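All values below come from the heavy atoms of this structure, side chains included, with hydrogens, waters and symmetry mates left out. Note that the structure is predicted; figures quoted are calculated from it, not measured.
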Amino acid sequence: GNYTLGLYTVCIAFDSLLTKFINMLADYFYAGLLNNMNRIKSVLVLIALMSVGAVVLVPLLAEPVIKFFFSAKYVEVAPVLIWFIINSIIAGLSWVLSQNMLLLGKQVLLFTRQIIAIAVFVILFYLLKDYQLYGVAYAFIGSSLTRLVISIIYYFKYPVTELTPEKSAV
């Protein structure tokens, strides 16, 4: 019922919070590509720092944050949130690494990547349904890992050429 939907909502809210910041970094990277600058190093460093911070802070702060924003009745999802944060990091990395595909006009390959990842999610979601929220998190992670592997392959197979290395750390 509504309670179960609330549990999923809390998890997705935490997942999307980190995703917003990583998407901002993907935009920064893409803007650099448009201007013939490769900012991948600074973007990956910032994602690594945010990831370490999130992985350390979420287990410590999840319960009070859930109580404050959602109410104490949803605190039971606190241990699961780390898996949604890990998914967000993996998904964000795959999105950053796929920006060159957008620039090169390879949207069909990105669409194909998404279709494959959705199929992986559906299969894992079905296979892991008995694990409830953990099963959802693991299905998301499996789907995100699929996108990440494909994005890494695309990143090296279709590099953007004629870029100048970044001149500053940010």
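- At a threshold of 4.5 Å between non-hydrogen side-chain atoms, the residues V96 and I40 count as touching.
- Linking Ile, Leu, Val, Met, Phe, Trp and Tyr whenever their side-chain heavy atoms come within less than 4.5 Å leaves I86 and L17 in two separate clusters.
- Within 6.0 Å of CD on Q107 lie more than 12 heavy atoms contributed by other residues, nucleotides or ligands.
- Between N38 atom CG and F29 atom CZ the span is 5.0 Å, to the nearest 0.5 Å.
- Judged purely by atom type and a 3.5 angstrom limit, N100 uses its side chain to pair as donor or acceptor with the backbone of Y158.
- Here the straight-line distance linking atom CG of L148 with atom CD1 of I153 works out to 10.0 Å at 0.5 Å rounding.
- Within the 3.5 Å criterion, the main-chain N or O of V108 finds a donor-acceptor partner in the side chain of T112.
- Rounding to the nearest 0.5 Å places CG of L33 at 8.5 Å from CG of L104.
- Summarising the geometry of A91 relative to S94, their closest heavy-atom pair is O-OG, 2.8 Å, with the distance given to 0.1 Å.
- A donor-acceptor contact shorter than 3.5 Å links the side chain of S143 to the backbone of A117.
- The ring-ring contact (aromatic ring centres under 6.0 Å, His included) test with F140 singles out one residue from Y8, F121, F14, W83, and that residue is F121.
- Across all their heavy atoms, Y138 and L124 have their closest contact at O-CD1, 4.2 Å.
- When hydrophobic clusters are built by joining Ile, Leu, Val, Met, Phe, Trp and Tyr residues whose side-chain heavy atoms come closer than 4.5 Å, directly or via intermediates, L61 is grouped together with I85.
- Atoms CH2 and CG, from W95 and D27 in turn, are 9.0 Å apart once rounded to the nearest 0.5 Å.
- With a 6.0 Å cutoff to the six-membered ring centre and a 45° limit on the axis angle, R113 does not count as a cation-pi contact of Y154.
- Donor-acceptor pairing under 3.5 Å is lacking for the side chains of S98 and S151.
- Ring geometry, F70 versus Y74: the interplanar angle exceeds 60°, so the pair is classed perpendicular (tilted spans 30 to 60°).
- Put simply, CG on L57 and CD1 on I82 are 9.5 Å apart, with the number rounded to the nearest 0.5 Å.
- Annotation for P64 and L60: closest pair CD-O, 4.2 Å, computed over non-hydrogen atoms.
- Remark: side-chain polar atoms of D15 are not paired, donor with acceptor, to backbone N or O of C11 under 3.5 angstrom.
- Between V55 and P59, the shortest heavy-atom contact is O-CD, 3.0 Å.
- At a threshold of 4.5 Å between side-chain heavy atoms, the hydrophobic network of Ile, Leu, Val, Met, Phe, Trp and Tyr places L7 and V75 in one connected group.
- Hydrophobic cluster membership for F111: I115 (Ile, Leu, Val, Met, Phe, Trp, Tyr linked by side-chain heavy atoms under 4.5 Å, directly or transitively).
- For the atom pair NZ of K106 and NZ of K157, the computed distance is 9.0 Å after rounding to the nearest 0.5 Å.
- Listed here is the closest heavy atom pair of E63 and A78: CG-CB, 3.7 Å.
- A continuous path of ILVMFWY side-chain contacts below 4.5 Å connects F21 to I90, so both sit in one hydrophobic cluster.
- Placement of V45 and I47 in two distinct hydrophobic clusters is found when ILVMFWY residues are connected by side-chain heavy-atom separations under 4.5 Å, directly or transitively.
- Inter-residue side-chain proximity for V136 and F84 is flagged as met; some heavy-atom pair is nearer than 4.5 Å.
- Residues V58 and L18 are not in side-chain contact: their nearest non-hydrogen atoms beyond the backbone lie 4.5 Å or more apart.
- Smallest separation of non-hydrogen atoms from S88 and I22: O-CD1, 3.9 Å.
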